[in-house]
Protein chains: 2
Amino acid sequence: MNDSDGGAGRAARSKRADARRNEETLLDAAAAVFVASGVEAPVRDIAAKAGVGVGTIYRHFPTRADLIIAVYRHQVEACAEAGPALLASSATPHAALGQWINLFVDFLVTKHGLAAVLQSDNAGFETLHAYFLDRLVPVCTQLLDAAVDSGEIRSDVEAIQLMRGVGNLCIGAEHNPHYDARRLVELLIAGLRLPPG
Amino acid sequence: MNDSDGGAGRAARSKRADARRNEETLLDAAAAVFVASGVEAPVRDIAAKAGVGVGTIYRHFPTRADLIIAVYRHQVEACAEAGPALLASSATPHAALGQWINLFVDFLVTKHGLAAVLQSDNAGFETLHAYFLDRLVPVCTQLLDAAVDSGEIRSDVEAIQLMRGVGNLCIGAEHNPHYDARRLVELLIAGLRLPPG
DNA sequence: AACGATACGGAACGTTGTTCCGCTTTACAA
DNA sequence: TTGTAAAGCGGAACAACGTTCCGTATCGTT
């Protein structure tokens with residue numbers, strides 16, 4: 001019923017070419033800086049990398065969360081879409097759940113600082129929270145439900161809870177020899193199994 | 001037997017009375033502010049609450065970590081000392097481990113923001129890291145070893161790893177209706193059990 | 001009382017996020 | 001091609017924070 005264009009007849013003129021170019025540049029710069037310095041890198045660093053003023057960043061991406069979302073949207077979408085695919089192709093729902101969680105963990109662990117930001121109660125990251133949750137919780141719910149139905153796991157854990165837990169376990173997982181997030185997540189998933197008896 | 005003086009003959013003159021008073025005041029103020037606003041509350045807030053300049057805080061506690069340690073030292077010590085006691089009084093080592101972890105979780109969850117700070121890779125919290133690890137990891141190791149020896153749990157998880165995982169799971173656990181850190185920690189501990197077969 | 005050591009307060013500095021506004025560039029029409 | 005309003009831009013400016021520094025006040029001792 002609405003969007004910036006609508007399509008009716010209003011012609012809502014498309015963005016200026018320089019603006020479109022800048023947005024592109026900004027996304028590339030942000031991606032590079034995120035890799036180099038983590039997602040909490042100073043805004044000024046990103047602006048500098050892009051050869052742009054900080055104002056330009058805020059015009060295109062009102063909050064840092066919007067920028068992060070834009071940078072990682074493709075990968076989040078891919079992860080979301082992998083859920084049903086895994087469910088269809090795996091031997092058991094539990095196996096599918098495990099593989100999907102692995103995908104999620106790999107994503108978080110390779111994005112320096114993302115997991116931390118994801119759990120931050122800092123207002124301004126609400127958009128990021130909402131996006132991740134909206135996109136991934138339903139997928140996780142589907143996998144979880146399937147595994148419950150097949151009698152493989154306990155039924156008293158909600159997807160949102162599990163995902164927050166997994167996200168938390170991924171915090172600070174980069175280059176820390178004494179911490180292996182993947183291992184701990186495996187333990188958590190193992191703990192989901194129905195207790196014997 | 002002694003006071004801050006080492007005892008030899010050096011006379012290392014004791015602190016001035018106002019300094020001692022201020023340190024006391026500061027600890028009380030910090031504790032109050034930590035409860036009200038979390039452990040990441042602005043230094044200026046603590047100074048104001050204590051009726052003191054910020055310089056005074058930094059003179060007594062060179063880093064924020066030192067202040068946090070001073071405020072919570074008693075409780076960390078209590079937790080550490082509870083380990084062997086639980087091991088002695090519990091039915092099985094695994095039960096002792098579970099109860100001890102519960103103690104640890106309760107401590108973290110009730111100290112607003114502590115868990116987050118504990119995992120922060122921010123330099124300046126190194127002292128805090130070191131203190132918690134030095135004090136608690138050996139205790140956890142003892143419990144873990146006992147449970148391994150009794151054949152209750154897998155043997156390939158180190159204490160430091162487990163504690164970091166538990167600490168991470170406690171992040172953001174305050175007043176969040178969709179997140180129950182205790183539950184997830186239970187799952188993690190359950191995942192420690194030897195797989196059937 | 002006087003004096004040196006100790007401790008204090010808070011201004012000042014550096015680093016961040018975020019806003020704001022004067023100037024530039026663009027797109028379009030004449 | 002040229003003129004013009006709208007769109008966009010850069011970066012100065014502001015606010016909030018941690019941290020340092022130093023002139024001044026206080027303490028303990030002589």
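Quick note: numbers below take in every heavy atom, side chains included, and nothing from hydrogens, waters or symmetry partners. Throughout, a chain's letter reflects where its sequence line sits, starting with A, and its residues are numbered from 1.
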Once you round it to whole Å, what is the distance between [atom2] of [N] and [atom1] of [X]?
{"X": "B:Arg21", "N": "D:dA25", "atom1": "CZ", "atom2": "C1'", "result": "13 Å"}
{"X": "B:Lys15", "N": "D:dG28", "atom1": "NZ", "atom2": "P", "result": "13 Å"}
{"X": "A:Arg20", "N": "D:dC9", "atom1": "CZ", "atom2": "C1'", "result": "17 Å"}
{"X": "A:Glu23", "N": "D:dC9", "atom1": "CD", "atom2": "C1'", "result": "14 Å"}
{"X": "B:Asp45", "N": "D:dG18", "atom1": "CG", "atom2": "P", "result": "8 Å"}
{"X": "A:Ile46", "N": "D:dG10", "atom1": "CD1", "atom2": "P", "result": "15 Å"}

Any donor-acceptor N/O pair, [X] side chain to [Y] backbone, under 3.5 Å:
{"X": "B:Asp66", "Y": "B:Thr63", "result": "yes"}
{"X": "B:Arg183", "Y": "A:Asp156", "result": "yes"}
{"X": "A:Gln142", "Y": "A:Pro84", "result": "no"}

**Message:** Need one value for B:Arg44: base, sugar-phosphate or nothing, where a base atom within 4.0 Å counts as base even if backbone is also close, heavy atoms only.
**Reply:**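 Base contact.
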
**Asked** Between D:dC9, D:dG28, C:dA7, which one does the side chain of A:Asp18 approach most closely?
**Response** D:dC9

**Prompt:** Closest to the A:Val43 side chain: C:dT18, D:dG18, D:dA7?
**Reply:**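 Side chain of A:Val43 sits closest to C:dT18.
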
**Message:** So if I take residues 24-42 of chain A and measure heavy-atom distances to DNA chain D, which residues fall below 4.0 Å?
**Reply:** none

**Request:** Tell me which residues in residues 47-62 of chain A put a heavy atom below 4.0 Å from DNA chain D, sorted by number, or none.
**Result:** A:Gly51, A:Val52, A:Gly53, A:Val54, A:Gly55, A:Thr56, A:Arg59, A:His60

**Asked** Given side chains that start at C-beta, do those of B:Phe61 and B:Thr127 come closer than 4.5 Å, heavy atoms only?
**Response** no

**Request:** Decide yes or no for A:Val105 and A:Leu169: does some side-chain heavy atom of the first lie under 4.5 Å from some side-chain heavy atom of the second?
**Result:**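 Not touching, per the 4.5 Å side-chain cut-off.
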
**Message:** Check this for me: B:Glu158, atom CD, are more than 12 non-hydrogen atoms of other residues, nucleotides or ligands nearer than 6.0 Å?
**Reply:** no

**Message:** Is it the case that over 12 heavy atoms from other parts of the model lie below 6.0 angstrom from the CD atom of A:Glu174?
**Reply:** yes

**Qualifying ring pair (Phe, Tyr, Trp, His ring centres under 6.0 Å) pairs with a residue from residues 104-130 of chain A, counting only residues at least two apart or across chains** = A:Tyr72-A:Phe107

**Request:** Would you check, one step at a time, whether the test salt bridge (charged side-chain N to carboxylate O under 4.0 Å, His left out) holds for B:Asp28 with B:Lys49?
**Result:** CA-CA 9 Å; B:Asp28 291 348; B:Lys49 179 87 178 185; over 6 Å; no

**Prompt:** 5'-most contact on DNA chain C: B:Asn22 or A:Arg64, nearest heavy atom basis?
**Reply:**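 Whichever sits nearer the 5' end wins; that is B:Asn22.
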
